[in-house]
Amino acid sequence: MLSVIELERAYCAHNYQPLPVVLTRGEGCYVWDEPGNRYLDMMSAYSAVSFGHAHPRLLKALGEQAARLAVVSRAFHTEVLAPFVRHACELTGLAMGLPMNTGAEAVETALKAARRWAYEVKGVAEDRAEIIVCDGNFHGRTIALVGLSSEQNYKQHFGPFPMGFVRIPYGDAGALARAINPRTAAFLVEPIQGEAGIIVPPAGYLKHCAELCRAHNVLLLCDEIQTGLGRTGRVLACQHEGVQPDGIMLGKALGGGFLPVSMFLARREVMEVFTPGSHGSTFGGNPLAAAVGLEALKLLVEERLAERAAELGEYFLGRLRAVQSSYIRAVRGKGLFIGIEIDTGRFSARDLCMRLASHGILTKDTHESVIRLAPPLIITETELNWACDRIGDAFLEMG
Ligand SMILES: *Cc1c(COP(=O)(O)O)cnc(C)c1O
């Protein structure tokens, strides 16, 4: 009989290379595999599981709403949509929201809004709008979004790509100043680049970018799909610099670890470019997603998860920086969004992830040389201490 891993290999497209564990159950910060081994989840599904697995309050919201009314499409009004979007607006300081499902859809929505805004409000000539993006960006996997990427592996042989995008170095506000011209609609940026390897830009970068955008009537669009909802120690990562963007994208944790739920939020003037029929999604804003998303936003505030991430993240970062290994090149991050960059001369980040799995810690490498550490925000100091000791052990064994 074929094992689950062999079956997956036979039937499922090979667009991922999972670690060889078969997970069957999750609760809080932990997941269990088939033979019953317990692992500390230090990846949280790329921050989708920021509230931990099977959070009782989210599970309750999910069950109750699923039994009452789950999906009706936006052809009709439902009771939960407005409370959900209103809560998201109040939490982020933006006027209106447009719910979608995956992060990529929220980014596509932002790009559509920015282009329409350029033509209808800013007065850019039809089909001439430009959107500026950064080297190393990750905004999702649609054709348009991989077209923005500087990563060959994401885009090779998927072309041709849409036009109207300009790419500049990340972390360099001077490059943004030089790239802006009268046709520029928006600057799309991650406050901290996640998939690129937890890249924290120089202090003041986002603030400087925001000033440039305001001065030139360019929309600042922050992709907070991974950095948002408490991950970096603030509700939004852009709040570290007191920046209020013209639009943001949320996703991942917005679905409480249960469902794909995303949203584009923006100033009223930007969102009002959408008119009936101009954009949509069959599942976007469905009652089930709205009920879980609303409960997730309430939990974030009531359980002070952003504050926890700030305190625990600083502590964990300090402890990780004290781990002695000649293979560690850098330990960086903000809140509970941390990357360890290693010297890959002797072993890869994936080798280290395999070793960590044997010690009961699950995480994932990014770009062969960085190990991502982004546990559920409900993790405790005791669990972080345990994780840090195991990480130290793993480095010792590898070296
Ligand atoms: C994950 C991610 C996306 C895409 O989200 P999906 O739900 O996978 O489509 C977009 N932007 C950032 C910054 C992300 O981390």
Side-chain angles (χ1 to χ4, degrees), residues 13 15-16 18 43-50 92 98-114 131 133-151 153-155 158 165 167 170-171 186-201 206 220-232 234-238 240 245 247-265 281 283-286 289 292-293 296 333-339 363-367 370 372-374 377:
N15 58 326
Y16 280 92
M43 231 269 295
S44 325
Y46 307 91
S47 294
V49 185
S50 279
T92 58
L98 195 161
M100 297 292 282
N101 312 284
T102 65
E105 290 172 319
V107 181
E108 291 268 355
T109 303
L111 298 179
K112 279 181 159 184
I131 292 172
V133 299
C134 291
D135 289 342
N137 74 69
F138 182 83
H139 297 296
R141 300 290 196 161
T142 63
I143 295 231
L145 300 181
V146 297
L148 311 183
S149 177
S150 49
E151 190 62 35
N153 193 27
Y154 296 164
K155 65 195 300 185
F158 293 136
F165 297 97
R167 216 169 52 226
Y170 184 63
F187 175 48
L188 171 65
V189 65
E190 296 157 86
I192 295 175
Q193 286 187 334
E195 296 317 293
I198 322 290
I199 309 294
V200 184
L206 203 63
L220 175 65
L221 302 176
C222 290
D223 182 343
E224 294 260 11
I225 289 166
Q226 195 160 168
T227 54
L229 302 182
R231 174 56 56 191
T232 72
R234 303 295 293 263
V235 170
L236 302 175
C238 59
H240 285 290
I248 63 164
M249 291 125 264
L250 296 176
K252 295 200 166 112
L254 192 59
F258 286 99
L259 300 163
V261 184
S262 68
M263 198 183 296
F264 171 57
L265 294 119
S281 159
F283 285 95
N286 69 73
V292 172
K334 219 170 215 160
L336 286 170
F337 196 42
I338 296 172
T363 189
K364 177 80 169 66
D365 57 293
T366 167
H367 284 82
V370 180
R372 170 204 317 260
L373 298 169
L377 307 183

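One is the number of the first residue; the rest follow in order along the sequence. The figures here come from the full heavy-atom set of this structure, side chains too, leaving out hydrogens, waters and symmetry mates. Counting convention: from 1, in listed order, for ligands and their atoms alike.
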For residues L111 and L145, determine if any side-chain heavy atom of one lies less than 4.5 Å from a side-chain heavy atom of the other. yes
Nearest heavy-atom approach of I198 to G333 is CG2-CA, 4.0 Å
Measure across S44 and R231 and return the closest heavy-atom pair with its distance rounded to 0.1 Å. OG-NH2, 3.7 Å
For E195 and Y154, which heavy atoms make the closest approach, and how far apart are they? CB-OH, 4.2 Å
Any K252 side-chain heavy atom under 4.5 Å of S50 side chain: no
Tell me which residues fall inside the under-4.0 Å heavy-atom shell around ligand 1. T102, G103, A104, F138, H139, G140, E190, D223, I225, Q226, K252
Cut-off 3.5 Å, side chains only: do E105 and S281 have a donor facing an acceptor? no
